[in-house]
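All heavy atoms count here, side chains included; hydrogens, waters and symmetry mates do not.
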Amino acid sequence: MSRRDQITNRGQMVGNKRSHALNHSRRTWKINLQPAKIKTGKNSSKRIMVSTKTMKTLKKQNKLA
């Protein structure tokens, strides 16, 4: 299973690690995935993996089960 948000399809980001001497090397920032239950119908829910940023939005919209 890839480390992707199942709603927004966000994945890891890439960039440079910079030292104090301005040396650089490639690095990655992994997404913070958490399991969440979302409402799919009147009495049903589904478990998916979403990022914490998406989970915050779902809580605001009252979509979490």
### Query
When rounded to the nearest 0.5 angstrom, what is the spacing between NZ in Lys30 and CE in Met13?
14.0 Å
### Message
Using a 6.0 Å cut-off, check whether atom NZ of Lys53 has over 12 heavy atoms from anything other than its own residue.
### Response
no
### Message
Working to the nearest 0.5 angstrom, can you tell me the gap between Ile31 CD1 and Ser2 OG?
### Response
10.0 Å
### Message
Distance check, rounded to the nearest 0.5 Å: Gln6 atom CD versus Ile48 atom CD1?
### Response
5.5 Å
### Message
Is it the case that the side chain of Gln34 and the backbone of Thr52 share a donor-acceptor pair, with hydrogens and angles ignored and the cut-off at 3.5 Å?
### Response
no
### Message
Taking His24's backbone N and O only, do any of them form a donor-acceptor pair with Arg18's side chain (distance below 3.5 Å, no angle check)?
### Response
no
### Query
Taking it one step at a time, do Asn62 and Lys39 satisfy side chain to side chain contact (heavy atoms under 4.5 Å, CB included)?
CA-CA 9 Å; Asn62 200 18; Lys39 298 175 189 173; 4.0 Å; yes
### Query
Under 3.5 Å, is there a donor-acceptor pair between the side chain of Asp5 and the main chain of Ser51?
yes
### Query
Between Leu58 and Ile7, is a side chain to side chain contact (heavy atoms under 4.5 Å, CB included) present by the stated rule, with each step listed?
CA-CA 10 Å; Leu58 290 173; Ile7 293 178; 3.9 Å; yes
### Task
With rounding to the nearest 0.5 Å, note down the distance linking CG in Leu64 to CE in Met55.
6.5 Å
### Query
If only atom types and distance count, is the side chain of Ser44 paired as donor or acceptor with the main-chain N or O of Gly41 below 3.5 Å?
yes
#### Entry: Minimum-distance pair of heavy atoms, taken over all atoms of Lys37 and Ser45
CE-OG, 3.8 Å
### Distance in Å, Asn16 CG paired with Leu22 CG, rounded so as to fall on 0.5 Å steps
11.5 Å
### Query
In Å, rounded to the nearest 0.5 Å, how long is the span from OG1 of Thr54 to CE of Met49?
12.0 Å
